[in-house]
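Source: prediction; values computed, not measured. Heads up: numbering here begins at 1 and tracks the sequence.
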Amino acid sequence: MTLLELCEWLYETGPAVLVRESPYGFQILVGVHLLGIVLSVGALMWLDLRLMGLSMTRARVSEMNRSLAPWFLTGFALMFASGLLLFAGFATAAYGNLFFRIKIAVIVLAGLNALYFHFTTGRTRPEWDASPQPPAAVRFAGLSSLVMWTIVILAGRMMSYTMF
């Protein structure tokens, strides 16, 4: 089965038809998706700004991460679940959309950035946790995250104008 065939199958599933044909299904899902973006990217933004040494420099990174994690993880779960349903409803149109491909590619890169940070750069956190100006690698991870999530949001908005 090719990727296009998978998208065609997904497009015909019950949930996908419900997204497209119910009076308010699409609008509700978009609202949930936007709420997920606000919660996840909004909370991550504050953590990224702290990692870059630009905001809340008196706060420990570990404390900020611990207090913001429930927000960005909940937001990501909402964003992911609603995004999957939105994709299912328009899978064949999304398949050929350049902005959808950019969005997915950058989401993967953002995930790899987070994994790299947690398993390499983040291992030295006790050394710089309370420092107002973290090391260059930490600042770069924060900047990369901000840039990538901005691209994801912009690509998602562009999908709205280029898919139909």
Side-chain angles (χ1 to χ4, degrees), residues 2-4 6-7 10-11 16 19-20 26-57 59 61-62 64-125 128 133-164:
T2 67
L3 188 56
L4 179 56
L6 180 65
C7 288
L10 192 57
Y11 182 82
V19 168
R20 285 191 310 277
F26 176 76
Q27 293 86 345
I28 290 169
L29 275 176
V30 168
V32 170
H33 196 65
L34 290 173
L35 178 61
I37 290 168
V38 168
L39 287 173
S40 64
V41 178
L44 278 175
M45 175 193 70
W46 289 110
L47 185 59
D48 290 338
L49 289 171
R50 173 60 185 99
L51 292 175
M52 293 167 56
L54 298 176
S55 179
M56 295 186 246
T57 55
V61 172
S62 58
M64 283 192 70
N65 187 50
R66 192 172 21 263
S67 62
L68 291 173
W71 294 100
F72 62 73
L73 292 173
T74 300
F76 188 80
L78 285 173
M79 185 173 54
F80 187 76
S82 60
L84 281 177
L85 288 170
L86 287 167
F87 171 69
F90 302 96
T92 54
Y95 172 80
N97 187 282
L98 173 65
F99 293 106
F100 175 75
R101 292 174 183 223
I102 290 169
K103 179 178 179 172
I104 295 304
V106 178
I107 287 171
V108 169
L109 289 174
L112 291 173
N113 181 55
L115 288 173
Y116 181 80
F117 175 78
H118 286 292
F119 291 114
T120 59
T121 314
R123 294 179 128 191
T124 62
R125 186 179 299 163
W128 51 263
Q133 187 76 350
V138 174
R139 294 192 311 269
F140 182 75
L143 176 63
S144 298
S145 175
L146 271 179
V147 168
M148 285 187 267
W149 285 111
T150 299
I151 292 169
V152 167
I153 291 168
L154 292 174
R157 289 305 309 141
M158 291 306 296
M159 285 171 52
S160 302
Y161 300 110
T162 59
M163 278 184 41
F164 307 105

For residues 106-115, which side-chain donor-acceptor pairs fall under 3.5 Å, sequence neighbours excluded?
from	atom 1	to	atom 2	distance (Å)
N113	ND2	A141	O	3.3

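- To the nearest 0.5 Å, atom CG of residue L44 and atom CG of residue L73 are 8.5 Å apart.
- In this structure, the side chain of S67 engages the main chain of M64 through a donor-acceptor pair within 3.5 Å.
- In this structure, the side chains of F117 and R125 come closer than 4.5 Å at one or more pairs of heavy atoms.
- The main-chain N or O of N65 is never found under 3.5 Å from a side-chain atom of R50 such that the two would form a donor-acceptor pair.
- For T124, the side-chain hydrogen bond (donor to acceptor under 3.5 Å, both in side chains) criterion is met by W128, not counting sequence neighbours.
- Nearest heavy-atom pair across Q133 and M52 is OE1-O, 4.1 Å.
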Quiz: residues 86-97 side-chain donor-acceptor pairs under 3.5 angstrom, not counting sequence neighbours:
from	atom 1	to	atom 2	distance (Å)
N97	OD1	F99	N	2.8
N97	OD1	F100	N	3.0
N97	ND2	T162	OG1	2.8

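- Side-chain contact between R157 and K103 is absent, with no heavy atoms from C-beta onward closer than 4.5 Å.
- In this structure, T150 has no side-chain hydrogen bond (donor to acceptor under 3.5 Å, both in side chains) partners at least two apart in sequence or on a different chain.
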Contacts under 3.5 angstrom, residues 142-149 side chains, donor-acceptor by atom type, not counting sequence neighbours:
from	atom 1	to	atom 2	distance (Å)
S144	OG	F140	O	2.8
S145	OG	D48	OD1	3.4
S145	OG	D48	OD2	2.7

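- Separating the CG atom in L47 from the CZ atom in R66 is a distance of 12.0 Å, to the nearest 0.5 Å.
- The side-chain hydrogen bond (donor to acceptor under 3.5 Å, both in side chains) check on R101 picks up nothing, with sequence neighbours excluded.
- Atom OG of residue S82 and atom CD1 of residue I28 lie 12.0 Å apart, to the nearest 0.5 angstrom.
- Taking CG of L10 as the start and CG of L85 as the end, the distance is 9.5 Å to the nearest 0.5 Å.
- Atom CD of Q27 is separated from atom CG of L29 by 9.5 Å, given to the nearest 0.5 angstrom.
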